[in-house]
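One structure is given here, and the rest of the page talks about it.
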Amino acid sequence: MRSITETSELRSVQMGVLDCIADVCRRHAINYSLSSGTLIGALRHKGYIPWDDDIDLYMLRADYERFVSVFNREQREQGSPYELLTPETAGDRYLYTYGKVTDTRTVMVEDEATEFPIGVYVDIFPLDYAHEDEDRRRRQFRWRDLLNKIRCCKKLSTCCLRSRLAYLCYRYLPLPLAAVEWLQRRKVFLRRPTSLVCNLHTTDVVYTSAFPLEAMQTFTTAEFEGKQYQIMGGYDTYLRRTYKFHYMTLPPEDQRVHHHFKAWWKE
């Protein structure tokens, strides 16, 4: 296999994935938004943040489920190299609780998931409802963190926590993986509508980051690497709730974190 060593080559593969996602969403009237550092990059740099090397998208849960229902079927019919991985579509060969659209011509290994190699990808995070009451929202996030730890420990055969004792306790807790995922659906991924939404799938998102649903009910576009992609109309509200710094200001150099990737072409 030939290694992908240059960030520019990795980004080129990711942009192909993003264009495929955007095309499917356009044809099926599915709304999405650039998010996180990708959204900041679009607004501040009209492309990637210079030290960044990934792409993140948000979809409201209903749009996400519509996307999941059509994407892989269409790609198979077209002989496309792109595949959507989710817990439902990939099962035991997938670690995460959200979606990744991958380029199957490539292999990429992440430090936290060496047992689950996948292709170069774009992350798609469904936005779920968050409790409006702050105390209940804090509990919701504590459930998220606990259940995510248990789920990861049960799926990974090597220690994924700082404490090996905690890893062993969670891994051999007499609670089946299916029960853990059922609890996530009941305690974390709420179905009852509220006025707040949040990415509840990664532990770096804190309970104060929940933002008004109305921010994702209108959409506009922004330039990213020379093309126009959809962003939420309430991007300013979302970014101010999520980041402590003003998103149009460059962070100090010691906070400009470079990811270290390992990726290859299969042929």
Side-chain angles (χ1 to χ4, degrees), residues 3-26 30-60 63-64 67 82 98-103 106 108 110-111 119-127 197-199 201-202 204-206 208-212 215-263:
S3 294
I4 299 174
T5 58
E6 297 296 326
T7 299
S8 59
E9 186 176 11
L10 178 74
R11 289 176 173 179
S12 177
V13 180
Q14 291 169 341
M15 290 301 298
V17 178
L18 177 60
D19 285 338
C20 177
I21 294 170
D23 178 64
V24 170
C25 289
R26 177 185 55 79
I30 295 172
N31 286 313
Y32 71 93
S33 175
L34 305 184
S35 70
S36 309
T38 309
L39 178 55
I40 292 176
L43 297 171
R44 194 169 67 201
H45 305 279
K46 298 187 184 300
Y48 284 89
I49 292 175
W51 53 91
D52 204 4
D53 59 10
D54 62 3
I55 294 177
D56 296 322
L57 305 180
Y58 277 173
M59 292 181 186
L60 291 176
D63 283 307
Y64 176 83
F67 182 82
Y82 302 118
Y98 54 91
K100 292 176 181 279
V101 175
T102 69
D103 187 323
T106 64
M108 189 170 187
E110 298 180 294
D111 290 342
V120 173
Y121 61 84
V122 168
D123 284 323
I124 305 181
F125 296 100
L127 292 175
V197 292
C198 194
N199 166 19
H201 297 264
T202 56
D204 58 331
V205 178
V206 298
T208 55
S209 298
F211 62 97
M216 277 287 291
Q217 292 182 322
T218 61
F219 295 87
T220 183
T221 61
E223 182 179 342
F224 188 83
E225 298 297 319
K227 298 181 182 180
Q228 295 290 317
Y229 297 97
Q230 191 167 286
I231 67 172
M232 64 183 83
Y235 62 85
D236 183 70
T237 299
Y238 155 65
L239 290 172
R240 288 178 183 273
R241 292 287 290 267
T242 302
Y243 297 97
K244 295 179 181 179
F245 58 88
H246 190 275
Y247 56 87
M248 295 302 286
T249 302
L250 287 172
E253 287 195 20
D254 62 355
Q255 295 180 22
R256 302 176 190 181
V257 179
H258 294 263
H259 299 139
H260 299 286
F261 64 87
K262 298 176 183 178

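Atoms considered below: every heavy atom in the structure, side chains included; atoms not considered: hydrogens, waters and symmetry mates. Just so you know, these numbers come straight off a predicted model, no measurement behind them. Along the sequence shown, residues are numbered consecutively beginning with 1.
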Taking the side chain from [X] and the backbone from [Y], do they hold a donor-acceptor pair closer than 3.5 Å?
{"X": "Arg241", "Y": "Ala210", "value": "yes"}
{"X": "Tyr229", "Y": "Ala42", "value": "no"}
{"X": "Arg11", "Y": "Asp53", "value": "no"}
{"X": "Thr106", "Y": "Val120", "value": "yes"}

Run through Leu127, Asp63, Thr237 and flag the one making a side chain to side chain contact (heavy atoms under 4.5 Å, CB included) with Met216.
->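 Per the side chain to side chain contact (heavy atoms under 4.5 Å, CB included) rule, the option paired with Met216 is Leu127, out of Leu127, Asp63, Thr237.
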Which of these, Ile4, Leu10, Thr102, sits in a side chain to side chain contact (heavy atoms under 4.5 Å, CB included) with Met108?
-> Leu10
Any idea how His45 and Trp51 line up, ring-wise: parallel (<30°), tilted (30 to 60°), or perpendicular (>60°)?
->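 His45 and Trp51: perpendicular rings.
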Indicate the ring-plane relationship of Tyr238 and Tyr243, choosing parallel, tilted or perpendicular according to the 30° and 60° boundaries.
->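 Judged by the thresholds at 30° and 60°, the geometry between Tyr238 and Tyr243 is perpendicular.
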Got Glu225 and Leu18 here, is their nearest side-chain heavy-atom distance under 4.5 Å?
-> no
Of Gln228, Lys227, Gln230, the one forming a side-chain hydrogen bond (donor to acceptor under 3.5 Å, both in side chains) with Thr221 is Gln228
Which pairs of donor and acceptor atoms, one on a side chain in residues 34-41, lie under 3.5 Å apart (sequence neighbours left out)?
| residue | atom | partner | partner atom | Å |
| --- | --- | --- | --- | --- |
| Ser35 | OG | Asp56 | O | 3.4 |
| Thr38 | OG1 | Asp56 | N | 2.9 |

Shortest non-hydrogen separation from Tyr121 to Gln14 and the atoms involved =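 Heavy atoms only, the tightest pair is O-CG, 3.9 Å.
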